[in-house]
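Everything on this sheet refers to the single structure shown next.
Note on naming: letters A, B, ... go to the chains in the order of the sequence lines (proteins, then strands), and numbering restarts at 1 for each one.
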Amino acid sequence: MDYLDNLNPQQREAALYTEGPLLILAGAGSGKTSTMTHRIAYLIEEKGVNPYHILAVTFTNKAAQEMRDRVESLIGSGVNMWILTFHSACLRVLRKHAQLLGYKKDFVVYDPTDQKAAMKNIVKEMNLDDKRYTPAYFLSIISDCKEKELDPKQYLATYGEDPKTKIVYQAYRSYETLLKKNNAMDFDDLLLNAVRVFKQDEAALLEYQNRFQYIMVDEYQDTNFIQYTFIKMLAEKHKNLCVVGDDDQCIYQWRGADIRNILEFEKDFPNAKVVKLEQNYRSTANILAAAHSVIEKNRGRKEKKLWTSKADGQKIAYYRADDERDEAHYVAQQIDHLKRKDLRYSDFAILYRTNAQSRTFEEALSRRDIPYRVLGGLRYYDRKEVKDIVSYMRLVQNPDDDLALLRIINEPKRGIGARTVDKLQALARVRGESLFDTLMDEEVVSGLSAKASAGIRSMVEVIQQYSKEQSNLRVSDIYDGLLVGTGYLKALEEQNNLEAESRIENLMEFKSVIYDYEKDDEQLSLPDFMERIALLAEVDNHDESENAVVLMTMHSAKGLEFPFVFLPGLEDGLFPGWRAFEKEDGLEEERRLCYVGMTRARERLFLTSASMRTLYGKTDYTRESQFLREMDKHLIDGDAIFEKKKEARNSRSLDGYSRETPFNPFDQLKYVKQQVRQRAASGETFQVGDDVTHPKFGRGTVLKASDKIIEVSFRDGSVKKLAAGIAPLTRYIPKNER
DNA sequence: GACATATCTAAAGCC
DNA sequence: TAGATATGTC
């Protein structure tokens, strides 16, 4: 029991409190993983609880793996217990019980790319105005519904008879039918269907309730309704539920996370015990204080104040760059300077708000020969070549997977175009068989062009062959066989260009992934492997041992820490992003994100902004972030100019308009309305040839002007007709006349 | 059916 | 601006 000596009194209290509901409010860097793993070890070693009876749920595979490793090192042996992500836990439940819901046991899991492909087909069939109704539009609503446990009918009932709702309803229904037909579930279904199983089958629920006498949930602040329901149902019987979270780090509300889950835990579970972990072991006192000076501006948070026994440390550095290149240059220079022998490049992280910011940093780092690694952006498993070969593997596993077949039917090129595919699909539908079945019909195939029929015959043959023998072959052998047998590799080699080369490289990398899995599990079967990769994410890829500066978004950085952290782009409109003002609480969520970013730093924190930034082809002067202005100035060192130079900088502007335009869109709207009123009162009119500015379209020249309509040709080349008197136009006054 | 050109759009992304 | 996708042309 001496291992508990490593814990502070609060941590220990949390670890020892095993019976009944427990809420651990764990501030950033307060050792929550350590507390949880000790709690598990305590349950097993001291309370004699069989690991079989414990469930620990996390959000990422990485977090799950880390927890498992640490538990195992505490109790010194492998543990047979469920330490899983929400999705893999649900998947396990469903592998056993999905038949209850009408799925076959070997159902497949659709990732977002599959979802999109499926939805694309539906949109096409519905013959909709595809400007307004994109696959992404439907899918986001459907995902919303599934998170709230609304099936298509309930959605319709909830949102009424609005024609738009009806169309979404139809798309939702068709989508569900299609998935069911393909024996597939998307990520949201995994959770939803697990809950459905529990609701429909009392015996099944009881089985898991009896099994999981002790339940723990990590990052509880980021759970959504369906995850909450899943946990609540499981914990209902024994009520030994321990949730860990920090309301200040809830940064996924836009994805359905409901901060109320953590704020109201005590209501959901009366007589819940609450333990606050407020000692921070990660950051210097200055970093902590600065982070606190930001987050304390949020309302409706659980009051807590982190403290540390660490020294103040250096002040927070702030640099106001001229533009984004200067900003990146500064960051690279600092890294060069700070990189001593005893440090690794991986001790440095650049955490930005949007992935689009990564490029300038990549350039600046390469110029100085600093190794770096970008996480996020295009996921490895989203690369075309990887998706293609995975589709082949899926077909081997299940030839009836139409979606997979559609993806690769002409990949490599077999001379089968959209029209041919349409015809084949129609035929398959009429016959009520899968597309692969149709392709096995020699009569059908011989009706195609010579090139197409030969291509299809050989593809069908290869897939059938591996399908038959898959249980005798290793996954890597199937993989190799498919690359060659389908002609995929050859087609790439023949392209003989850089792009094809990098694709081949990725395919080779994918093979080493397979080898890695086979090393762990000699008996690895194709279905096993497919299941593993279905639920992988990009952060799982972060390899701490790699000696490279890490570039990623602040979102991905949650849960990580680095000695040196750079937070660039602290400008109104970028961070906080302007969209933050569209939603209620939007700004508060951004502020939490800022807090998360700042508290990733152990020793030093660098903040930067650029006074001029080019984004989406438009160059604008910027204003320093509201978050900078909120920060305690005493803690900041360097270019802490945002009081002095603010006025001068803000009054500069490229086109004379944004000079006065308030950033906050609410104020902007007010401002525009006010201008319109003013103009109406003063009777301001425009004449042909006048230079004008528009808040959205920028500078322009009046082409036609009547008392009803003003036609303006804007600098971006567009010509817009605007309603005279209402359009938010202002006369452009050149700089020297202002 | 393959390739070239026009058009559109632009946050974050656990699983 | 840049990339992804839709449309048009041969």
Side-chain angles (χ1 to χ4, degrees), chain A residues 57-64 84-91 109-113 115-116 120 124 130-131 134-136 140 143 146-147 185-192 194 218-219 221-224 226-227 249-257 324 351-357 359-360 375-379 381-382 384 410 413-421 448-449 451-452 455 531-540 552-559 569 573-580 582-583 586 589-590 592-594 596-597 613-619 716-718:
Chain A
V57 188
T58 64
F59 272 82
T60 67
N61 290 301
K62 193 168 183 291
L84 297 170
T85 64
F86 270 105
H87 290 83
S88 18
C90 291
L91 186 60
V109 178
Y110 277 4
D111 71 9
T113 317
Q115 284 180 279
K116 213 172 143 206
K120 225 169 158 180
K124 205 165 113 196
D130 49 5
K131 283 266 151 25
T134 60
S140 78
S143 177
K146 290 186 174 177
E147 273 166 14
M185 297 190 199
D186 63 25
F187 285 164
D188 297 318
D189 284 332
L190 294 178
L191 278 147
L192 179 59
D218 192 15
E219 308 275 16
Q221 77 280 355
D222 283 326
T223 48
N224 61 30
I226 195 79
Q227 288 162 335
Q249 293 189 62
C250 175
I251 54 173
Y252 284 109
Q253 268 179 307
W254 49 273
R255 220 163 42 191
E324 68 270 15
L351 311 177
Y352 35 73
R353 177 69 242 268
T354 70
N355 276 312
Q357 287 167 259
R359 257 202 44 197
T360 39
L375 277 108
L378 193 61
R379 277 192 349 159
Y381 293 96
D382 284 342
K384 183 185 180 322
N410 197 31
K413 303 278 176 264
R414 299 191 172 91
I416 299 152
R419 286 191 61 111
T420 315
V421 173
L448 302 171
S449 74
K451 193 179 167 201
E531 190 132 332
R532 297 276 192 87
I533 63 169
L535 298 177
L536 273 185
E538 182 69 21
V539 270
D540 300 331
M552 64 175 123
T553 62
M554 287 178 244
H555 279 93
S556 324
K558 193 175 68 169
L574 183 63
F575 188 37
W578 60 271
R579 278 162 202 256
E582 285 174 351
K583 263 182 305 178
E589 176 148 332
E590 294 278 299
R592 289 193 290 268
L593 185 59
C594 184
V596 168
R613 181 178 297 274
T614 307
L615 213 62
Y616 307 132
K618 272 212 168 99
T619 305
D716 59 3
S718 66

(request) Name all residues meeting the ring-ring contact (aromatic ring centres under 6.0 Å, His included) criterion together with Y352(A); count only those two or more places apart in sequence or in a different chain, and write none if there are none. (result) none
(message) Need to verify one output field. Residue with the more 5' nearest nucleotide on DNA chain B, Q227(A) or A580(A)?
(response)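 In this pair, the answer is A580(A).
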(request) Please tell me which of T354(A) and K451(A) maps to the more 5' nucleotide of DNA chain B, matching each residue to the nucleotide holding its nearest heavy atom. (result)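 Going by which nucleotide is closer to the 5' end, it is K451(A).
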(message) Does a side-chain N or O of T553(A) approach OP1 or OP2 of dG13(B) to a distance below 4.0 Å, or not?
(response) yes
(request) Report yes if a side-chain nitrogen or oxygen of N355(A) is closer than 4.0 Å to either non-bridging phosphate oxygen (OP1 or OP2) of dA11(B); otherwise report no. (result) no
(request) Please name the pair of heavy atoms, one in I251(A) and one in R592(A), separated by the smallest distance, quoted to 0.1 Å. (result) CG2-C, 4.0 Å
(request) Over all heavy atoms of both residues, which pair between E219(A) and F59(A) is shortest? Give the atoms and the distance, please. (result)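 So the two residues come closest at O-CE1, 3.3 Å.
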(request) With sequence neighbours left out, write down each residue that passes side-chain hydrogen bond (donor to acceptor under 3.5 Å, both in side chains) with D188(A), or none if nothing qualifies. (result)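 D188(A) satisfies side-chain hydrogen bond (donor to acceptor under 3.5 Å, both in side chains) with S143(A) only.
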What's the closest nucleotide to the side chain of [X] if the choices are [options]?
{"X": "H555(A)", "options": "dA12(B), dA11(B), dC14(B)", "value": "dA12(B)"}
{"X": "K120(A)", "options": "dA12(B), dA6(C), dA10(B)", "value": "dA6(C)"}
{"X": "S556(A)", "options": "dG13(B), dA11(B), dA2(B)", "value": "dG13(B)"}
{"X": "T60(A)", "options": "dA11(B), dC14(B), dG13(B)", "value": "dC14(B)"}

Using a heavy-atom cut-off of under 4.0 Å over every strand shown, decide if [X] touches base, sugar-phosphate, or nothing.
{"X": "K413(A)", "result": "sugar-phosphate"}
{"X": "E590(A)", "result": "base"}
{"X": "T420(A)", "result": "sugar-phosphate"}
{"X": "N410(A)", "result": "sugar-phosphate"}

(request) Would you check if Y252(A) stacks with the base of dG13(B), given a 5.5 Å centroid limit and a 30° plane limit, both strict? (result) no
